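Here's the structure, in C-alpha cells; my notes come after.
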Amino acid sequence: MSDHEYVPKSKFGKWFNDRLPLLSLASHLTDYPTPKNLNYWWTFGGILTFCLIIQIVTGLTLAMHYIAHADLAFESVEHIMRDVNYGWLIRYVHANGASMFFLAVYIHIFRSLFYGSYKSPREIIWIIGIIIYLLMMASAFMGYVLPWGQMSFWGATVITSIFSAIPFVGEGIVNWLWGGYSVGNPTLTRFFTLHYLIPFLILGLVVLHIWALHIPGNNNPIGIDIKKPSKDTVPFHPYIVIKDGFALLMFTIVFAFFVFYSPNILGHADNYIEANPMVTPAHIVPEWYLLPFYAILRSIPDKLMGVIAMLSAILILAALPWLDTSKIRSAIFRPLYKQFYWILVADVIILGYVGAMPAEGLYLLIARIATAYYFIHFLIVLPVLGSKEKTIPLPLSITEPVLEASSNLATAKKKESLN
Amino acid sequence: MPEKKSERRKFLHTASYTVGAVGVGAVVWPLIDQMNPDASVKALASTEVDISSVEPGKSITVLWRGKPVFIKRRTPEEIAEARAVKMEDLKDPQKDEDRTKNPEWLVMVGVCTHLGCVPLNDKGDYNGWFCPCHGSHYDTSGRIRKGPAPTNMEVPKYEFVNNNIIKIG
C-alpha cells in the first residue's frame, strides 16, 4: 500500500489523513498501476463486486417482506411477487442475480486458469477466491431453500443428507443441521440466518482478495512480471475504471434480459409448488451452477465415495498453484497446456450437461468418463506438463512484442484476439 | 536455576491454555447444541395409524417426525418374492423375516438411504420402490438392490396396538 507517499492538498485533508489515512487509500486505489495489456476477461472482478452489491441490496429489501417460517414462507414470497411495490422486480433481480454472479465467477475462474493467475506470487489471492466461491455456493444453496417450494425442500434434503455419508457421526450431524428428524421449520430459520450472514463474510473476503491482489499487482495476458509503475502500466483511474464500466454495462444488458424477458428460465417450475415432505419431484436437479459437481456426486456408485469425489473436485482447486508446476503463467506461451485447458472447459460443460440429465445409461457413462478426466487434468496432466512441455519464449516486457516485430508478436496477438 | 524457571513457565502456559480451552468449550457448546432437535420436536416421537382400510397390495404413507412412513399390505406373491432372495445378492443383507413383525405388513421409513428422497411405489427393477433422485432400486422388502443407496430402507420402532392400529415410534 506504500507505493508512494500521498499528501492531501487541503489542511483539513492532511489533518484527517494523519489520523485515518483514508485519502491515502483512495489515492492508492486511483493511481494503482495496472498492466496496460489487460483484456476484457479482466473486467470480471469489477463485475463480481457489482453482483455482490446487487445481491446485498436486493436481499436486504426482500428481507423486509419475507417471513422465515415453514407455514408462511411460500405465501410471503408470493406476497412479494404480487402485492409488494416492485416486489416482483426486486425478487427477480435477486434470483437471477445469483445466476449472473455465478456466470461471472466462472468466467473469472477460467480466466485465472488460462492466464495462470493462481501461480506464485498470487497463491493467497487464489485461495481466498476459492473460499469466496465455496461461500457463494453455500449462500446460493441456502437462498434457494427460502421460498419453501418443492425444489427448495428437496434440494435442502438431498444436500444436507450428503453429510450422512460420514461414518458413525453422519446421522447425528444431519439431525443437528436440520434441528429435527427431517428438513423443517428449524432448518428454514437457520438457513435464513446464514443466508443473511454469508454475503457480509464474502464482502470481508473480497476486501482481503483485493488487498492481496494489490501486493504483487495484476497478472496480465502475457503473464510476465512487470515493473510498476513503468511504461508497461497505466493508472487504474481512469483507464481501467472506464474499461470495467463499459464491460459492466454490457453485462447488465445480459442481466436485464434475464430479469425482464425470461426471469424463470434458470429456475424450476416445481419451486412454485409449496414444499411437501410426502412427495419428491420426479426429477430433482440443483441450480445450473452446481450441476458439474452434482454430476460428479452421482457418477460414483458408492455414497461416501461420491461425496468425497464431489468435495475433492472443489477443494482440488485450492491446491492448483502447487499442482501446476510450470513456471510459465500464460497459456499463450504454453501450446500443450492451452489445448488441455480447452479440453477441461469442455469437460466441465459436459459434466454440467449430464448433471441435468437422469443418472442412467449413456449419461451415466459420460458422467463417469468426464469425472475421471476432471481429476486426471489436475492430478496428472498439470504436473506432467510442468516438466515435459516445451514452452514458447517469453517477451521481456509488455511493450517489447509491440515495438519489435518478434515471433511472439504474431502468437500473442492471434491468441488474444481469440480469447 | 534458569532451566527450572523455564519449566515452571511452560507448565503455567499449558495449564492456562487448558483452562482457557475448557472455558471456551463450555461457552461454545450451548451455541452449538441449540441447533440440535429441540424438546418440542422430540415430543412428537410417536404416532398412531389406522390401517383397517388398506387393501392387499396397497400401501399408505403417513408422516412421522416429519418423514414419510410407508405402510404396505403385501400380497402373498410379494412376500414370497422377498423371502426367495439369497443373502449373497443383497448389498445390506437382512432377512425379510427380520424386517417385519407380521409378514403381511411392511412398515418402513419411506426415505431413500442415499440422500433422503422419497422413493416411488411399485417401480424399479425389483417390483418394490425406485428413488427418482439418483436411481436406487428397492425390493418388496424395502432392501437396496441396485443404485447408490448404501443400506435398506429403515424399519422404525413400531407395534400393533390391535389388529387395526399401528403405533409408530
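Please read these numbers as outputs of a predicted model, since none were measured by experiment. Hydrogens, waters and symmetry mates play no part in the numbers below; they use all other heavy atoms, side chains included.
Ion pairing of B:Glu104 with B:Arg74 is absent here, as no side-chain N (NZ or NE/NH1/NH2) approaches a carboxylate O to less than 4.0 Å.
At a heavy-atom separation below 4.5 angstrom, chain A is approached by B:Leu115, B:Gly116, B:Cys117, B:Val118, B:Pro132, B:Cys133, B:His134 within residues 115-137 of chain B. Listed in order of number, the residues of residues 293-306 of chain A that approach chain B to under 4.5 Å between heavy atoms are A:Tyr294, A:Leu297, A:Arg298, A:Pro301, A:Lys303. Listed by sequence position, B:Gly147, B:Pro148, B:Pro150 are the residues of residues 145-169 of chain B in contact with chain A, using a 4.5 angstrom heavy-atom cutoff. Residues of residues 161-170 of chain A that come within less than 4.5 angstrom of chain B, heavy atom to heavy atom, are A:Ser161, A:Ile162, A:Ser164 in numerical order.
Applying the 6.0 Å contact sphere to NZ of B:Lys91 captures more than 12 heavy atoms from other residues, nucleotides or ligands.
Looking at B:Val62, the atoms closer than 4.5 Å to chain A (heavy atoms on both sides) all sit in the backbone: N, CA, C or O. With a threshold of 4.5 angstrom between heavy atoms, A:Pro358 does not approach chain B through any atom at all.
Nearest heavy atoms, A:Met151 versus A:Ile284: CE-CA, 3.9 Å.
Side chain of B:Arg143 to backbone of B:Asp92: no donor-acceptor contact under 3.5 angstrom is found. A:Tyr374 places a side-chain N or O within donor-acceptor distance of the main-chain N or O of A:Ala313, the cut-off being under 3.5 Å. Using modelled atom types, no side-chain atom of B:Arg65 and backbone atom of A:Tyr181 make a donor-acceptor pair closer than 3.5 Å.
At a threshold of 4.5 Å between non-hydrogen side-chain atoms, the residues B:Thr61 and B:Val69 do not count as touching. Side-chain contact check for B:Val107 versus B:Lys72: every heavy-atom pair is 4.5 Å or farther apart. Residues A:Phe102 and A:Met137 are in side-chain contact: their nearest non-hydrogen atoms beyond the backbone lie under 4.5 Å apart. Side chains of A:Ile56 and A:Phe200 form a contact here, defined as non-hydrogen atoms less than 4.5 Å apart. In this structure the side chain of B:Met87 reaches within 4.5 angstrom of the side chain of B:Lys95, judged on heavy atoms. Considering only heavy atoms from C-beta on, B:Glu97 comes within 4.5 Å of B:Arg83 through its side chain. Side-chain contact between B:Thr140 and B:Leu106: absent, with no pair of heavy atoms (C-beta onward) separated by less than 4.5 Å.
When only modelled atom types and interatomic distance are considered, A:Ser99 and A:Trp288 share a side-chain donor-acceptor pair under 3.5 Å. A side-chain donor from one of B:Arg99 and B:Gln94 sits under 3.5 Å from a side-chain acceptor of the other. Counted by atom type alone, B:Ser141 and B:Asp139 present zero donor-acceptor pairs between their side chains at under 3.5 Å.
Results of the ring pair (Phe, Tyr, Trp, His ring centres under 6.0 Å) test with A:Trp148 over A:Trp154, A:Phe153, A:Phe192 single out A:Phe153 as the only residue that passes.
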Item to check | Residue pair A:Tyr144, A:Phe191: steps toward the ring pair (Phe, Tyr, Trp, His ring centres under 6.0 Å) verdict | outcome: CA-CA 10 Å; A:Tyr144 195 61; A:Phe191 275 21; over 10 Å; no
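For the set B:Pro37, B:Gly110, B:Gly66, the count of heavy-atom pairs under 4.5 angstrom toward chain A peaks at B:Pro37. Of the listed residues (B:Asp33, B:Asp38, B:Leu63), the one with the most heavy-atom contacts under 4.5 Å to chain A is B:Leu63. With respect to chain A, the highest number of heavy-atom pairs below 4.5 Å among B:Gln34, B:Lys67, B:Lys42 belongs to B:Lys67.
Taking the six-membered ring where the residue is Trp, the centroids of A:Tyr272 and A:Phe74 are separated by 6.0 Å or more.
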